[in-house]
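To start, the structure under review is shown below, and the notes come after it.
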Amino acid sequence: MHDLKEIRINPDLYKEKLAKRNKELITSIDELLVLDEKKRNFQSRADELRKRKNEIAGLIPRSKDDPSKIEELKKESIEVGKQLSNIEAEEGNLTEETNTKLMWLPNAPADDVPLGKDETENQEILKWGNPKTEKWIKPHDEIGVKLNIFDFERGVKIAQSRFTVLTGVGAKLERAIMNFMLDHASERGYRETFPPILINKTSMIGTGQLPKFDGDFYKCEGEDLYLAPTAEVPITNLHRDEVLNLEQLPIKYCAYTPCFRREAGSAGKDTRGIIRQHQFNKVELVKITTSENSALEHEALTNDAEEILKKLELPYRKILLCSGDMGFSAMKCYDLEVWFPSQNTYREISSCSNFGSFQARRMNIKYKVNPKDKAIFAHTVNGSGLAIGRTLAAILENYQTEKGTILVPAVLQPYLGGLKEIN
RNA sequence: GGAGAGAUGGCCGAGUGGUCGAAGGCGGCAUCCUGCUAAGAUGUUGUAGGGUCAAAAGCUCUACCGAGGGUUCGAAUCCCUCUCUCUCCGCCA
């Protein structure tokens with residue numbers, strides 16, 4: 001969420017920045033400002049009437065000796081009250097509309113984000129490792145079934161399509177990856193956290209999932225609870241409505257959670273394998289920091305995520321997303337993409353974003369530089385470190401041998417009782 | 001799930017219809033004072049939005065006593081609904 005006052009003072013700056021995402025947003029800002037002006041107008045009028053009502057309420061007890069005066073005042077107050085309720089109704093509508101409009105505006109791209117309309121204009125920052133291209137490498141789902149570590153049919157039986165059962169070494173490998181990633185994050189100073197996975201609407205609004213993306217998430221019937229689409233939501237909301245001290249920052253958290261997404265717009269995409277599931281596991285890295293440090297903390301967090309791929313010796317590339325391809329709340333975003341030999345391509349396995357004050361403003365997370373200073377909005381940063389299921393799939397392909405076994409990456413062997421090969 | 005109690009400012013806590021944004025205490029901040037172990041005195045101390053202003057400060061208005069609605073000229077105070085916390089019972093990992 002942006003600061004409406006700032007938009008009001010400098011509309012052209014916001015138009016220029018948001019147009020980098022989408023030119024239609026210029027109109028949105030104009031509409032927003034018209035609404036805002038109307039709203040303020042009604043607010044002033046309502047305030048005046050409220051003021052008069054308050055005056056009368058104070059005058060009445062002071063006119064105890066003059067019953068006719070009291071009657072007169074009561075009459076006026078009722079009259080003012082009628083006007084007020086009309087104006088208040090309109091004020092309420094306009095406030096609601098203005099807020100909604102503001103909530104639907106995406107974050108402005110940072111200055112160093114490349115201009116572009118979609119994923120074709122993203123910028124490759126670096127490639128790491130040597131991608132395998134051997135023709136005998138089987139897709140992860142095929143080899144997974146062959147090795148009896150995926151059970152797709154029964155996943156569908158007990159749930160739905162896009163749900164998979166991991167069995168035997170598959171389940172153990174998933175758990176090993178999870179532990180490895182959490183240990184890696186802990187080593188780098190992220191406090192391990194295990195949050196609720198059902199979270200309320202306020203939290204979903206806080207990090208920017210709602211109101212715009214309603215329908216992408218699972219909601220509990222009759223309850224104000226959603227299944228977390230990412231640990232970003234519960235973890236970042238931990239400090240909602242808090243004022244932090246400068247010495248506390250940066251706050252660094254890591255968390256493993258299952259993640260749930262309806263994948264409503266993805267019919268037909270990635271229907272094979274475990275790349276796109278309604279439920280998947282992920283370790284998330286989250287930082288709450290200052291406006292001065294968020295850019296550096298973002299780079300550092302991305303490096304922390306990259307380091308996991310390096311330790312696992314999985315070839316990857318790092319992409320800087322262009323203005324048109326970034327997520328709603330992000331001001332700058334790197335995607336890490338891991339190599340999938342069977343698809344002869346890189347697939348997203350982590351997305352590391354700096355949100356600036358966009359989320360913090362929604363969540364009301366502030367900090368004070370000095371105790372007597374006015375509290376200012378914090379900056380938030382997060383990224384996957386990493387998506388576990390996709391990591392497992394990538395291992396199944398990149399560590400596949402010609403005879404159809406999987407070598408266990410060295411860093412994972414201690415987590416699997418020294419197991420070196422899956423066959 | 002049943003019965004009861006409660007929710008007030010950074011914290012504790014008073015306040016059951018009128019000048020209460022809210023006593024008092026603690027804490028914080030500022031100034032002053034003092035050699036007896038860091039005490040005392042005085043003052044100050046919430047958030048958000050609007051207006052004024054080039055801007056800030058200042059001034060001013062409005063809202064906020066868990067949330068939302070209602071009664072009333074007037075609500076922290078009365079009524080309704082909801083949420084949360086605590087105690088007891090039941091149930092349960």
Side-chain angles (χ1 to χ4, degrees), chain A residues 1-13 32-103 194-206 210 219-226 234 237-248 357 360-378:
Chain A
M1 190 167 75
H2 295 287
D3 183 345
L4 182 54
K5 217 190 284 181
E6 290 294 322
I7 299 180
R8 198 187 296 146
I9 291 168
N10 208 340
D12 291 339
L13 179 73
L32 176 65
L33 289 173
V34 169
L35 274 175
D36 171 53
E37 168 116 37
K38 266 197 205 164
K39 184 206 78 178
R40 273 153 50 223
N41 182 287
F42 273 86
Q43 188 189 341
S44 303
R45 288 163 65 187
D47 277 353
E48 284 304 311
L49 294 175
R50 276 189 280 258
K51 182 183 173 187
R52 183 57 191 157
K53 282 201 82 170
N54 289 340
E55 279 168 3
I56 294 170
L59 245 36
I60 286 178
R62 270 172 281 184
S63 315
K64 285 255 190 291
D65 323 320
D66 191 348
S68 66
K69 177 78 178 167
I70 288 181
E71 279 316 303
E72 198 183 307
L73 287 168
K74 281 189 182 180
K75 236 169 122 182
E76 186 190 344
S77 185
I78 291 170
E79 195 46 50
V80 171
K82 280 181 191 160
Q83 291 178 47
L84 180 59
S85 58
N86 288 332
I87 287 175
E88 264 180 342
E90 191 57 27
E91 184 199 10
N93 290 340
L94 287 165
T95 303
E96 179 75 27
E97 271 185 73
T98 309
N99 288 343
T100 305
K101 198 109 199 149
L102 189 60
M103 286 290 215
F194 195 64
I197 294 151
L198 286 172
I199 59 222
N200 59 34
K201 187 175 187 176
T202 308
S203 300
M204 293 285 277
I205 291 171
L210 293 177
K219 185 173 188 327
C220 297
E221 195 178 337
E223 303 241 20
D224 178 33
L225 289 170
Y226 294 77
N237 274 281
L238 249 24
H239 294 284
R240 191 175 67 228
D241 290 321
E242 289 185 18
V243 178
L244 306 162
N245 300 319
L246 189 61
E247 307 85 65
Q248 293 175 259
S357 59
R361 186 168 281 111
R362 288 177 165 235
M363 282 181 287
N364 191 29
I365 301 178
K366 295 182 170 179
Y367 68 98
K368 285 187 178 184
V369 177
N370 291 302
K372 50 188 162 180
D373 287 350
K374 202 174 153 68
I376 52 178
F377 287 112

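Computed over heavy atoms, backbone and side chain alike; hydrogens, waters and symmetry mates excluded. Every chain is numbered from 1, with letters handed out A, B, ... down the list of sequences. All figures in this text were calculated on a predicted structure; none of them were measured in a lab.
Classification of E97(A) and K39(A) as a salt-bridged pair fails, no side-chain N sitting under 4.0 Å from a carboxylate O.
With distances taken from any side-chain atom of N54(A) to the nucleotides rA63(B), rA48(B), rC73(B), the minimum falls on rA63(B). Among rC73(B), rU19(B), rG50(B), the nucleotide with an atom closest to any side-chain atom of K74(A) is rC73(B). Closest contact between the side chain of K51(A) and the listed nucleotides rU62(B), rG74(B), rG49(B) involves rU62(B). Of the candidate nucleotides rA48(B), rG74(B), rU19(B), rG74(B) has the atom nearest to the side chain of A57(A). Candidate nucleotides rU62(B), rG50(B), rC73(B) were compared by shortest atom distance to the side chain of K53(A), and rC73(B) ranks first. Of the candidates rG49(B), rG74(B), rA63(B), rG49(B) carries the atom nearest the D47(A) side chain, counting heavy atoms from C-beta on. Side-chain proximity of R50(A) to rG50(B), rA48(B), rU62(B): nearest is rU62(B).
Here rU81(B) sits opposite rA67(B) as a Watson-Crick or G-U wobble pair (both hydrogen-bonding atom distances under 3.5 Å).
Here, rC29(B) and rC82(B) have their C1' atoms 40 Å apart, quoted to the whole Å.
Take the nearest nucleotide of RNA chain B for Q43(A) and for K75(A): the residue whose nucleotide is more 5' is Q43(A). Along RNA chain B, the nucleotide nearest R40(A) and the nucleotide nearest K366(A) are compared for position; the residue whose nucleotide lies closer to the 5' end is K366(A).
Residue R8(A) has a polar side-chain atom (N or O) positioned under 4.0 Å from OP1 or OP2 of rG50(B).
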